[in-house]
Every structure is written in C-alpha cells, then in structure tokens.
Amino acid sequence: MSERPSFYVTTPIYYVNDVPHIGHAYTTLACDVLARFKRLDGYNVMFLTGTDEHGQKVEKSAEAAGVDPQAFCDKVSARFNDLAQAMNFSNDQFIRTTEPRHKLAVQHLWRVLEEKGYIYADNYAGWYSVRDEAFYAESELMEGEGGAKLAPTGAAVEWVEEPSYFFKLSAFEDRLLELYDSQTDFVMPKSRLNEVRSFVAGGLQDLSISRTTFNWGVPVPDADGHIMYVWIDALTNYLTAIGYPDEAGQAYKDFWPADVHMVGKDILRFHAVYWPAFLMAAELPLPKRVFAHGWWTNEGQKISKSLGNVIDPFELIESYGLDAVRFFMLREVPFGNDGDFSRSAFIARCNADLANGMGNLSQRTLAMIFKNCDGSIPHPGILSNEDSELLNNIDSLLDEVRKHIDMQAFNRAFDAIWKQSAAADTYISSQEPWKLKKTDPDRMYTVLYVLAEVIRQLAILMQPIMPESACKVLDQLKIEDRAFTALGATGRLASGTVIDKPVGVFPRLELDAEESA
RNA sequence: GGCCGAGUAGCUCAGUUGGUUAGAGCAGUGGAAUCAUAAUCCAUGUGCCGGGGGUUCAAAUCCCUCCUCGGCUACCA
C-alpha cells in the first residue's frame with residue numbers, strides 16, 4: 001500500500017531543564033517546513049520532536065521544586081508542547097524519554113551493543129566540579145592560587161573515580177572517517193563536516209555511557225546502580241519513535257534510516273560521531289544527513305541568560321504574528337549561518353517581502369478581479385508571449401524550490417519563490433490591466449487570469465513556510481486541491497469561480513513610537 | 001598553539017571546474033504610474049573582490065605570505 005516514498009525528519013529532543021527559546025523554535029521550524037514541503041510533495045512523512053527528561057540536573061531541579069521528577073518533567077515538557085502549538089508545528093509525534101516505549105528501546109539497544117562486544121565495564125575518572133556539575137579535561141583546567149586546579153569557570157575541581165560502562169567508540173575511527181569521506185553530505189554545512197572529520201581524525205577515546213551518581217534515568221540492564229548516561233539514552237529516541245526494537249514493524253521499515261537529523265551546532269558531535277558509531281555497532285543503517293544550523297544574536301549581541309536578552313518565541317508571535325516570525329527566521333539568513341534578530345531587520349524584511357510584495361500582489365490582483373470581472377475568476381483569451389513566459393516560469397518553479405529544500409537552503413528556496421512574485425509585479429506594470437478595462441476588456445480578463453493563476457501557485461508553494469497565510473490566499477481563490485501535484489498547467493485555475501471581496505493577508509508592520517524614539 | 005573557514009557595493013550576501021564591461025536583495029537618488037496594504041514599475045553603483053607577492057594569454061576564483069574575524073580542539077545537550 002505504502003507506495004509513497006518516505007521522509008523522516010527529527011529535531012533534537014529538548015532538555016526539560018531549559019525554557020523554550022528562539023533556538024528551539026528555530027530548529028523545529030526548519031523541520032516543520034521540510035515536513036510540510038515533503039507531505040505536499042507526495043511523501044509519507046514522519047516528523048519527530050520531543051523532550052529529553054533524564055539526568056542529574058532534572059533530578060535536582062525537581063528536588064529543589066519539591067516535586068517528584070516525573071511531575072517536574074510533565075510540567076516542563078508541556079511547555080515545549082505549547083511551543084509546538086503556538087508555532088503551528090506539524091510534528092507527527094512528540095516523544096518523551098520518560099515513556100515506557102523509550103526505556104524498552106534504549107535497553108534493547110544497550111543489550112545489542114553489549115552482545116556485539118562494544119560495551120565494557122571500567123572506572124570513569126576525571127576532574128569534576130561539584131559546582132558546575134561537570135567533568136573537565138586536564139587541558140581545560142586553569143591554575144588557581146597555590147597551584148590549585150580550577151575549572152574554566154573558576155570553580156574548584158576534584159579528581160573523582162566511579163565505576164562506569166564504556167562504549168568502544170575508539171573502534172569506529174576508521175569507519176567514521178570513511179563515512180565522512182564517502183558521503184560528503186552526511187554532515188552539513190560543509191564546514192561542519194570538516195570540523196567533525198578533524199575531530200575524529202584526532203583520535204577517539206571510548207565513551208562513558210553510564211553513571212552511578214544519580215537515579216533519574218534508564219537503568220542499565222542487569223547492572224545494579226548504573227543509569228544510562230545522556231548520549232545513548234537521548235539519541236536513541238530517534239529509533240524509539242518509529243517502533244524500535246520492532247525492526248519488522250511498518251513504521252520502522254518506512255522511516256529508518258532517518259533523512260535528516262536537524263541539530264544546533266552545539267550538539268553536532270553527538271549526532272555526527274557518537275550516534276553513527278552506536279548505529280554501526282548495532283549494525284543498523286545510518287541516518288542520511290545531520291544538519292547543524294547556526295545561532296541567533298539579538299540586536300547584534302550574543303544571547304545569554306546572564307545578559308537577560310533571551311528571545312521568547314511566544315512574545316514574538318504575540319508582537320508580529322506567527323507567519324511573519326516563521327518567514328523571517330528562515331528567509332533572512334542562509335541556513336547554517338548565524339543570524340541576527342533585530343526589530344528593524346524583521347520589520348524591513350516582512351514589509352518588503354510580505355506586505356509590499358506577496359501581500360500587495362495578491363490584494364491588487366484580487367481586488368481588480370472582484371471589481372471588474374463580476375467577482376469571479378475571468379476567462380482567459382489567447383495568451384501573449386508575456387503571459388506564457390510568466391506562466392512557464394511559475395509552472396517550473398517547484399523543481400527549483402525542491403532542489404533548494406532538499407539541501408535545506410531555505411533562504412534560496414524562498415528567494416526563488418519571491419522572484420516570481422516580483423516578476424508578476426513587473427508583468428502588471430507592463431500590461432496595465434486598469435487601462436485595458438476600457439480599451440480591451442477581454443485582454444484585461446486574460447491578464448487578470450494569468451495573475452490569479454500565478455498567485456494560486458505561489459500560495460501553494462508558500463504553504464510550508466506560512467501555512468495560515470497561504471491558506472487564506474487559497475481560500476480567497478477558492479482553491480481546493482493544494483498539493484504540489486496541483487502545481488503547473490494541470491491544475492489551472494477554474495474560470496467562473498466566484499470569489500469574495502479580498503481582504504489583506506499580510507499587514508504592514510510599523511515601528512512602535514517608543515522603539516523609533 | 002594546532003586544524004578548518006571567512007574577509008566582494010552603505011547593509012545582508014551570490015559568485016559553478018580561473019575567461020566577455022564582478023552580480024542580487026535591501027537602503028539611497030531621480031523619474032513614471034495610480035489597479036493595490038502610500039503598496040508598484042523604470043533608471044541609477046569610479047566596489048584597489050582584506051594587504052602584498054607569484055603562476056597564467058587570462059584570477060574574486062589557483063599558489064605563497066601577512067593582517068583581521070569566526071569555528072573546532074571530547075563527555076557543560
């Protein structure tokens with residue numbers, strides 16, 4: 001039955017000790033656009049996001065809050081779910097690592113790795129800072145007074161040892177290098193692949209994958225007191241969600257290996273080194289791509305809690321409207337680069353591309369149709385060269401957009417779409433339909449038909465990035481078939497369809513008085 | 001320190017394997033138009049393509065060197 005090709009895209013699972021911020025929204029948004037695009041393009045899509053809920057920090061936060069860890073997780077995880085709602089994300093699943101199915105999957109994977117001989121018991125030793133709750137490498141340490149060892153943060157460190165299970169990461173050095181060399185788009189952007197490659201080429205140590213110092217996590221099978229440490233627990237969520245360990249199940253067969261793991265650059269290594277090594281060890285297929293995107297700055301400044309300039313996505317949506325926020329984040333910056341979030345850039349971009357561009361194009365066209373064509377889509381006459389050229393360009397737009405989307409080059413994809421919007425404005429100027437009203441109404445009908453058809457296709461293509469706004473435009477045109485199969489000449493707009501009085505879809509944004517002051 | 005990458009118009013960036021007068025968007029300036037959310041269209045850039053040197057008939061594009069900025073350099077998601 002499932003003849004359709006599949007597409008599996010994931011966000012990282014977000015750590016519940018954190019509050020949702022623009023970074024989370026950004027990562028998931030990119031995945032949402034991919035997922036929506038692929039669905040419209042005929043794919044059977046699985047889009048996964050969720051929360052990572054284990055670990056010492058969560059255990060302590062819960063304790064500090066006076067609640068049990070599960071209750072704490074329930075509460076905080078819900079905030080990420082709220083974000084997904086607020087951002088209109090179309091995730092098919094929201095996974096939580098505290099779910100029973102996840103425990104099952106991770107423990108199964110552990111056993112497989114153990115059976116294959118890639119897990120062994122030893123002692124984990126290192127410089128630990130109680131204050132930072134973190135281990136530091138010898139090379140990271142600073143000299144304090146009297147030669148005392150200090151963490152880079154200035155905190156005191158002590159040498160601690162504890163029993164731990166290890167994963168034989170070192171055994172995968174060559175195979176990982178082979179992977180990077182043979183599949184050069186395994187990690188994107190390219191510069192990140194270089195970083196990952198040089199990291200691995202520098203030599204790999206085995207990985208500590210269990211702890212005995214806390215309880216809030218998945219127990220290691222048959223090893224009292226050992227709790228799985230973050231890597232193996234968190235990364236495995238990508239398998240859990242599609243039914244692992246049931247490798248014969250439909251979801252697993254349809255969706256593994258994943259097409260894209262979207263990650264922030266901070267967690268690239270775990271996805272581009274540890275994760276493929278785990279999978280190699282378990283003899284499971286590797287994901288096709290790990291994409292590491294960049295960070296946002298706020299008005300040119302690095303974002304940090306201590307600076308207090310964290311950007312709250314809920315507030316953004318409140319101030320500017322959801323679709324404008326979605327559009328700006330993926331249109332403004334080449335995906336993979338860092339970008340700056342400034343109010344002036346936001347307003348400039350949205351006014352230029354949305355209000356003045358796509359919005360005005362749609363409004364002026366539909367208003368002319370509404371007023372001059374008895375409120376219905378006019379019948380086109382014989383097409384002129386200009387008509388055909390515009391239509392041909394719009395008919396072939398999907399191919400170009402798809403090419404960029406498949407490379408996660410969102411800004412280029414939207415650039416291509418908006419170029420056609422601009423071409424339509426140019427076309428209006430050259431055709432001057434308002435003059436044709438008196439001189440040659442038939443020709444005016446043709447011009448307006450061509451424009452409405454262009455808008456139809458632009459709106460269909462806009463759906464992944466601005467679902468609500470695109471929907472409004474398509475509603476105004478009374479379009480029912482909105483999949484990509486309706487693009488091109490086969491789905492031409494039906495003449496005679498009665499439309500309503502058009503209403504603007506993209507409002508102009510104004511600088512607040514207080515801000516311009 | 002080592003490795004990697006980047007420095008191109010006021011701003012954000014494109015520039016495929018070296019090849020006609022180096023491009024786009026935004027901003028600016030001048031003009032046109034008036035269907036439309038005062039939106040749109042047209043015209044307009046003497047940019048040492050970071051500096052210097054080299055290879056070549058030919059370099060933003062290759063090599064060397066210097067300067068500046070950024071990233072990575074293992075267990076803080």
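Labels below follow one simple rule: chain letters A, B, ... track the order of the sequence lines, proteins then strands, and each chain is numbered from 1. Note that the coordinates shown come from a computational prediction; the quantities given were computed from them, not determined experimentally.
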Asker: Among the nucleotides B:rA74, B:rC26, B:rG71, which one has an atom lying closest to any side-chain atom of A:Arg192?
Answerer: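 Minimum distance to the A:Arg192 side chain belongs to B:rG71.
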Asker: Taking any heavy-atom pair under 4.0 Å as a contact, classify A:Tyr14: base, sugar-phosphate, or nothing.
Answerer: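 Nothing, no heavy atom under 4.0 Å.
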Asker: Between B:rC3, B:rC75, B:rC41, which nucleotide gets closest to the side-chain atoms of A:Trp231?
Answerer: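 Closest nucleotide among those given: B:rC75.
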Asker: Touch check for A:Gly203, heavy atoms < 4.0 angstrom, all strands: base, sugar-phosphate only, or nothing?
Answerer: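 Contact class for A:Gly203: base.
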Asker: Go through it in stages, so that I can follow the logic: the residues are A:Tyr14 and A:His24, the test is ring-ring contact (aromatic ring centres under 6.0 Å, His included), and I'd like the CA-CA distance, side-chain angles, deciding distance and then a yes or no.
Answerer: CA-CA 8 Å; A:Tyr14 303 119; A:His24 302 113; 4.7 Å; yes
Asker: Would you mind reading off the distance between A:Leu268 atom CG and B:rG5 atom P, rounded to a whole angstrom?
Answerer: 16 Å
Asker: Please state whether the phosphate of B:rC35, meaning OP1 or OP2, lies under 4.0 angstrom from any side-chain nitrogen or oxygen of A:Tyr427.
Answerer: no
Asker: Any strand counts, and the cut-off is 3.5 Å on both contacts for Watson-Crick or G-U wobble. Which nucleotide pairs with B:rG25?
Answerer: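 Base partner found: B:rC11.
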Asker: For A:Ala348, report the nucleic acid contact type (base, sugar-phosphate, nothing); a contact means any heavy atom under 4.0 Å.
Answerer: nothing
Asker: Would you say A:His102 and A:Asp233 are linked by a side-chain donor-acceptor pair, where the criterion is simply a distance under 3.5 Å?
Answerer: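 Indeed, the side chains of A:Asp233 and A:His102 share at least one donor-acceptor pair under 3.5 Å.
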Asker: When you check the side-chain N and O atoms of A:Asp206 and A:Tyr120, is any donor under 3.5 Å from an acceptor?
Answerer: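 Yes, a side-chain donor-acceptor pair sits under 3.5 Å.
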Asker: Could you pick out which residue, A:Gln205 or A:Ile428, lies toward the 5' side of RNA chain B when each is mapped onto its nearest nucleotide?
Answerer: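 The residue closer to the strand's 5' end, by nearest nucleotide, is A:Ile428.
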Asker: Can a donor-acceptor pair be found between the side chains of A:Thr28 and A:Thr11 at a distance below 3.5 Å?
Answerer: no
Asker: As a test of reading the structure: which of B:rC26, B:rG71, B:rC35 is closest to the side chain of A:Trp434, going by heavy atoms?
Answerer: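 Shortest atom-to-atom distance from the side chain points to B:rC35.
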Asker: Just checking A:Gly202: base, sugar-phosphate only, or nothing, at a heavy-atom cut-off of under 4.0 Å?
Answerer: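 Since no nucleic acid heavy atom lies under 4.0 Å of A:Gly202, the category is nothing.
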Asker: If you check every side-chain atom of A:Tyr124, which of B:rC75, B:rA36, B:rA74 has the closest atom?
Answerer: B:rC75
Asker: For a quick check under 3.5 Å, do A:Tyr165 and A:Asp122 share a side-chain donor-acceptor pair by atom type?
Answerer: no
Asker: Pairing check on B:rC3: which nucleotide meets the Watson-Crick or G-U wobble criteria with it, both distances under 3.5 Å?
Answerer: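 Across all strands, the one nucleotide that pairs with B:rC3 is B:rG71.
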Asker: Using a 4.0 Å heavy-atom cut-off, does A:Leu361 contact any base of the nucleic acid, only the sugar-phosphate backbone, or nothing at all?
Answerer: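 The answer is nothing, as A:Leu361 stays clear of every strand by at least 4.0 Å.
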Asker: CG of A:Asp353 versus C1' of B:rA24: gap in Å, rounded?
Answerer: 13 Å
Asker: Taking only the side-chain heavy atoms of A:Asn194 (C-beta and beyond), determine which of B:rC4, B:rA24, B:rC35 contains the nearest atom.
Answerer: B:rC4
Asker: Using purine N1 to pyrimidine N3 plus N6-O4 or O6-N4 for Watson-Crick, or N1-O2 and O6-N3 for G-U wobble, each under 3.5 Å, what pairs with B:rG30?
Answerer: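 Looking at the geometry, B:rG30 pairs with B:rC42.
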Asker: Is it the case that the ring center of A:Tyr238 lies less than 6.0 angstrom away from the ring center of A:His261?
Answerer: yes
Asker: Under 4.0 Å from OP1 or OP2 of B:rA36: is there any side-chain N or O of A:Lys371 that close?
Answerer: yes
Asker: Please tell me which of A:Ser191 and A:Pro507 maps to the more 5' nucleotide of RNA chain B, matching each residue to the nucleotide holding its nearest heavy atom.
Answerer: A:Ser191
Asker: Does a donor on one side chain and an acceptor on the other come within less than 3.5 Å for A:Arg211 and A:Gln56?
Answerer: no
Asker: Once side chain to side chain donor-acceptor pair (under 3.5 Å) is applied, do any residues pair with A:Asn17, and if so which ones, sequence neighbours excluded?
Answerer: A:Ser61
Asker: Establish, from distance only, whether the side-chain atoms of A:Arg343 and A:Tyr320 form a donor-acceptor pair under 3.5 Å.
Answerer: yes
Asker: Roughly how many Å is it from CD1 in A:Ile209 to P in B:rC75, rounded to a whole number?
Answerer: 17 Å
Asker: Between B:rA9 and B:rG47, how far apart are the C1' atoms? Round to whole Å, please.
Answerer: 5 Å
Asker: Which of these nucleotides, B:rA36, B:rG71, B:rC75, is closest to any side-chain atom of A:Tyr229?
Answerer: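 Nearest listed nucleotide: B:rC75.
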Asker: Which base, if any, makes a Watson-Crick or G-U wobble pair with B:rU37, both distances under 3.5 Å?
Answerer: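 Its partner is none (no Watson-Crick or G-U wobble pair with both distances under 3.5 Å).
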Asker: Given B:rG5, B:rC35, B:rC75, identify the nucleotide with an atom nearest to the side chain of A:Met368.
Answerer: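 Selected nucleotide: B:rC35.
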Asker: Could you please name the option among B:rU37, B:rG71, B:rC42 that lies closest to any side-chain atom of A:Thr426?
Answerer: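 Looking only at side-chain atoms, A:Thr426 lies closest to B:rC42.
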Asker: What's A:Phe270 touching, base or sugar-phosphate or nothing? Going by heavy atoms closer than 4.0 Å.
Answerer: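 The residue A:Phe270 makes no contact with any strand.
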Asker: Have a look at A:Asp425 and say if it touches a base, only the backbone sugar-phosphate, or nothing, with a 4.0 Å heavy-atom cut-off.
Answerer: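 Contact class for A:Asp425: sugar-phosphate only.
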Asker: Does OP1 or OP2 of B:rA39 have a side-chain N or O of A:Arg508 closer than 4.0 Å?
Answerer: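 Looking at the OP1 and OP2 atoms of B:rA39, one of them is under 4.0 Å from a side-chain N or O of A:Arg508.
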Asker: Between N or O atoms, less than 3.5 Å apart, protein on one side and nucleotides 13-18 of chain B on the other: list the pairs.
Answerer:
{"residue": "B:rA14", "atom": "O3'", "partner": "A:Arg412", "partner atom": "NH2", "Å": "3.1"}
{"residue": "B:rG15", "atom": "OP1", "partner": "A:Arg412", "partner atom": "NH2", "Å": "3.0"}

